[in-house]
Amino acid sequence: MKIAVCPGSFDPITLGHVDVIQRARTMFDHVIVGVGRNTRKNYWFSAPERVQLARGALADIPGVQVELMDGLVAAFAQEHGATAIVKGLRGTADFDNEQAMALLNRHLSGLETALIIGDPAKAHIASSFVKEIAAYGGKFEDLVPANVAQALQQRAQERKKGSHDE
Ligand code: PNS
């Protein structure tokens, strides 16, 4: 069985992520979505919340599993018997960082990284922009899965009240 690990922060998962994960599923029998931590990012959602939102968004896609990834992608992929790591590319701006991570992950684990070109109609969707739109009261409902839209709305309100301000 060919297993792929699709790592990311997923803060929160967007329709762009769902598209890439669906495409990965056409290449691999099983896709494990690894919800990780990027130490340079301030998250809106805790790791368990990000896992829960991704599980809700991906519940209808068979052969996709969501797990918390507490550590290195390379170690997580090896532990889960992955054949490859899969990442989505929105455009050339993503490439340099993805190349560096792919080379490091191969150095650490010997695993190859497959870079999937997502749907161009979703290339403008990034979690960071979605959060910015939510924070300023813009329309974001068509950029994220329905369960995520609800959670974002609520979190944006909480942050406005100051309860989640850093
Ligand atoms: O969606 P993001 O924020 O680009 O995802 C980044 C993530 C979580 C995949 C990345 O920060 C990561 O790989 N974190 C785990 C630690 C790790 O493996 N670091 C080395 C990467 S070469």
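Owing to the predicted nature of the structure, the values given are computational and were not obtained by experimental measurement. Each ligand, and each atom within it, is numbered from 1 in the order the structure gives.
The N/O atoms of Y43, backbone and side chain alike, include none that comes under 3.5 Å of an N/O atom in ligand 1. The shortest N or O to N or O distance between V73 and ligand 1 is under 3.5 Å. For ligand 1, the polar-atom distance check against K87 finds no nitrogen or oxygen pair separated by under 3.5 Å.
Within the listing of ligand 1, atoms 2 (P), 3 (O), 4 (O) sit less than 4.0 angstrom from a heavy atom of K41. The distance from ligand 1 to the heavy atoms of G71 drops below 4.0 Å at these ligand atoms: 15 (C), 16 (C). Within ligand 1, the atoms closer than 4.0 Å to a non-hydrogen atom of L104 are 22 (S), numbered from 1 in the order shown.
Contact annotation: the side chain of V35 never approaches that of M69 to less than 4.5 Å [non-hydrogen atoms, C-beta and beyond].
Between K131 and D11 there is a salt bridge, since at least one side-chain N of the basic residue sits less than 4.0 Å from a carboxylate O of the acidic one. Under 4.0 Å is where a charged nitrogen must lie from a carboxylate oxygen, and between R90 and E98 no such pair does.
S9 N, 2.9 Å is the protein heavy atom nearest to atom 1 (O) of ligand 1. For atom 19 (N) of ligand 1, the closest non-hydrogen atom on the protein side is L72 CD2, 3.8 Å.
Relative to the ring axis of Y43, R37 does not place its NZ or CZ within 45° and under 6.0 Å from the centre.
Of the listed residues (G8, C6, G36), the one carrying the non-hydrogen atom nearest atom 9 (C) of ligand 1 is G8.
Other residues, nucleotides and ligands contribute only 12 or fewer heavy atoms inside 6.0 Å of the CD atom of Q150. Residue D142 qualifies as enclosed at atom CG: its count of foreign heavy atoms under 6.0 Å is above 12.
Residue M101 holds its CE atom at 11.0 Å from CG of D96, rounded to the nearest 0.5 Å.
Residue-ligand proximity: A74 is placed with every non-hydrogen atom at 4.0 Å or more from ligand 1.
Only backbone heavy atoms of R37 (N, CA, C or O) come within less than 4.0 Å of ligand 1; its side chain stays farther off.
If you look at H124 and F129, their ring centroids are not closer than 6.0 Å.
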